[in-house]
Amino acid sequence: MEVIFHEKQEGSLCAQHCLNNLLQGEYFSAVDLSSIAMQLDEQERIRMAEGGVGTEDYRTFIQQPSGNMDDSGFFSIQVLNDALRVWGLELLIFNSQEYRNRGIDPINERAFICNYKDHWFTVRKLGKQWFNLNSLLTGPELISDTYLALFLAQLRQEGYSIFVVKGDLPDCESDQLLQMVLVQQLQRPRLIGEDAAARDQRVQRSEAGIEGGQLYDSPAVMDEDEENFQKALALSRQQIDMEDEEADLRRAIQLSMQGGHESEFTESLVSSTPQTSGNSKPGTLTSEELRQKRQAYFEKFKMEHLRSEQLKQTTSAQPLDSEDKGLSEEKVLKAATNMSLDTGEQSSNSAKKN
């Protein structure tokens, strides 16, 4: 979701990230927020001085550190509120009596700012969908409309303070684009610390495998992208294996059907072949020998047919008419077929005896 502006955590500048993620752009820097914090400190000092600069309360106030910022980069709610006031926005405490009196469903709001201790983050509606723009995440997290109320209730239970952003947010490209399309998030973002820890653990395991003389001696920790890729790869391999098995089975059936009659004829030829000392293996014919045997068999059949025709011509005083000739050819063909069958049976019997 690169179309959505999302600043990731740097140092303790979560207030800056919160505001920029809310406004969808680099609108505030740490210097800008520090300037607002110093203005607030000065306004508070002036109010305290009205009671007298020599009072104990004033001296205590001067000695205390700023309540609007610190050296780590933390800024108070007053700083955020004043920063948003520049854009005509204000913050209202969520679920307060004032908010409940308005009777507004959270799903009809535009944005929320959440705070727990020193951390700030934004939940905003872009287009027609809600997103958690927490700077501690590796990217924006999609929140469904049905889950929004439960998400906010869970934050309040964990101790978060939630503020509703009231007013018209400035136009942004992400909001305009997401008005036309809906986002589908297949993988939820991780916390930045968890993502870095997972990478470090994978590197350590890989290095341990290399030092031990084996690569990937133990399974590495994979993130969700790698796990999904491995699952898809395994499914595709399984599908290919199933297709290969089916193809092999079809080929085996086809070969068995094609080779059945030929094998019976070949066995009859092999069994009728006399064994010689030159044969390297008893009962085995080469392809050339098998071809020669088949050729000799058909030549023999052809010669017997010619002799039969010559015999009929010498014994017959008158030529046969077309009908008698057809019958004689039919008889000759039938006799030749019977002869070939008898030859095959004799060869098969002799093979069984041997």
Side-chain angles (χ1 to χ4, degrees), residues 1-30 32-33 36 69 73-96 99 104-145 147-156 158-179 183 185 188-192:
M1 286 182 286
E2 296 181 359
V3 68
I4 299 177
F5 181 85
H6 179 252
E7 276 188 358
K8 296 182 178 65
Q9 187 76 13
E10 292 182 4
S12 299
L13 299 176
C14 53
Q16 171 191 326
H17 305 319
C18 174
L19 293 175
N20 288 339
N21 290 338
L22 171 68
L23 301 174
Q24 287 293 284
E26 297 180 356
Y27 290 92
F28 293 99
S29 66
D32 298 330
L33 298 181
I36 296 174
M69 66 176 181
F74 170 77
F75 296 97
S76 67
I77 181 62
Q78 289 80 9
V79 174
L80 273 70
N81 195 44
D82 279 15
L84 292 176
R85 194 171 292 155
V86 176
W87 294 94
L89 303 171
E90 63 175 342
L91 298 178
L92 182 65
I93 299 176
F94 176 69
N95 211 33
S96 63
Y99 183 76
I104 303 175
D105 190 334
I107 200 173
N108 295 324
E109 300 290 358
R110 294 295 302 169
F112 299 92
I113 287 181
C114 308
N115 168 249
Y116 179 70
K117 295 184 177 179
D118 294 342
H119 184 60
W120 299 90
F121 71 91
T122 292
V123 177
R124 176 174 172 173
K125 191 172 189 178
L126 292 168
K128 301 176 182 179
Q129 296 172 294
W130 285 91
F131 295 91
N132 177 8
L133 303 178
N134 194 337
S135 57
L136 292 177
L137 295 175
T138 56
E141 179 184 23
L142 180 64
I143 300 176
S144 65
D145 291 349
Y147 181 62
L148 177 64
L150 180 61
F151 179 73
L152 296 176
Q154 182 179 353
L155 290 179
R156 292 184 67 244
E158 294 174 358
Y160 275 83
S161 299
I162 303 176
F163 302 89
V164 185
V165 180
K166 306 301 293 185
D168 295 330
L169 292 166
D171 293 334
C172 61
E173 182 181 356
S174 56
D175 185 55
Q176 295 173 359
L177 179 61
L178 295 178
Q179 291 286 350
V183 172
Q185 191 170 50
R188 292 190 176 276
R190 294 186 176 193
L191 289 172
I192 293 177

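Since we're looking at a predicted model, the values are computed, not measured.
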A side-chain contact here means heavy atoms from C-beta on lying under 4.5 Å apart; do Leu152 and Asn95 qualify?
no
For Ile143 and Tyr147, which heavy atoms make the closest approach, and how far apart are they?
CG2-CD2, 3.7 Å
Is there a side-chain contact between Leu191 and Leu137, using heavy atoms and a 4.5 Å cut-off?
yes
For Ser174, the option from Arg124, Gln179, Gln24 that meets side-chain hydrogen bond (donor to acceptor under 3.5 Å, both in side chains):
Gln24
Closest approach of Pro140 and Pro189, non-hydrogen atoms and distance?
O-CG, 3.6 Å
In this structure, CG of Leu126 is separated from CG of Leu133 (nearest 0.5 Å) by 6.5 Å
Answer yes or no: is there a side-chain heavy-atom contact under 4.5 Å between Phe151 and Asn132?
yes
Please name the pair of heavy atoms, one in Ser135 and one in His6, separated by the smallest distance, quoted to 0.1 Å.
CA-NE2, 4.1 Å
List the atom pairs, with distances to 0.1 Å, where a side-chain N or O of residues 161-173 and a protein N or O form a donor-acceptor pair under 3.5 Å, not counting sequence neighbours.
from: Lys166; atom 1: NZ; to: Glu109; atom 2: OE1; distance (Å): 3.0
from: Lys166; atom 1: NZ; to: Glu109; atom 2: OE2; distance (Å): 3.4

Between Ile104 and Tyr99, what is the shortest heavy-atom contact and its length?
O-OH, 3.5 Å
Can you name the residues that form a side chain to side chain contact (heavy atoms under 4.5 Å, CB included) with Lys125, not counting sequence neighbours?
Arg110, Trp130
Identify the heavy atoms of Cys114 and Tyr160 that sit nearest to each other, and give their distance.
CB-CD2, 4.0 Å
Identify, with sequence neighbours excluded, every residue that meets side chain to side chain donor-acceptor pair (under 3.5 Å) alongside Glu26.
none
Main chain of Phe74, side chain of Ser12: is a donor-acceptor contact present, judged purely on distance under 3.5 Å?
no
For Arg156, all residues meeting salt bridge (charged side-chain N to carboxylate O under 4.0 Å, His left out), sequence neighbours excluded
none
Point-to-point distance, once rounded to the nearest 0.5 Å, from CZ of Phe112 to CG of Leu155
10.5 Å
Would you list the pairs meeting side-chain hydrogen bond (donor to acceptor under 3.5 Å, both in side chains) in which at least one residue belongs to residues 113-123, sequence neighbours left out?
His119-Asn134
Side chain to side chain contact (heavy atoms under 4.5 Å, CB included) involving Gln78 - partner list, sequence neighbours excluded:
Leu40, Asn68, Ser76
Determine yes or no for a side-chain-to-main-chain donor-acceptor pair under 3.5 angstrom, with Asp175 supplying the side chain and Gly127 the backbone.
yes
With sequence neighbours left out, the residues meeting side chain to side chain donor-acceptor pair (under 3.5 Å) with Asp32 are Ser29
Can you find a pair of side-chain heavy atoms, one from Ile4 and one from Leu178, that are under 4.5 Å apart?
yes
What heavy-atom pair brings Thr138 and Lys8 nearest, and what distance separates the two atoms?
O-CE, 2.9 Å
Taking only residues two or more places apart in sequence, or in another chain, which ones meet Ala30 in a side chain to side chain contact (heavy atoms under 4.5 Å, CB included)?
Leu13, Gln16
With sequence neighbours left out, what residues match Glu7 under side chain to side chain donor-acceptor pair (under 3.5 Å)?
His17, Asn20
Using distance only, find each side-chain donor-acceptor pair of residues 87-94 under 3.5 Å and give its atom names and separation, not counting sequence neighbours.
none

Quick check: do Leu19 and Phe75 have side-chain heavy atoms less than 4.5 Å from each other?
no
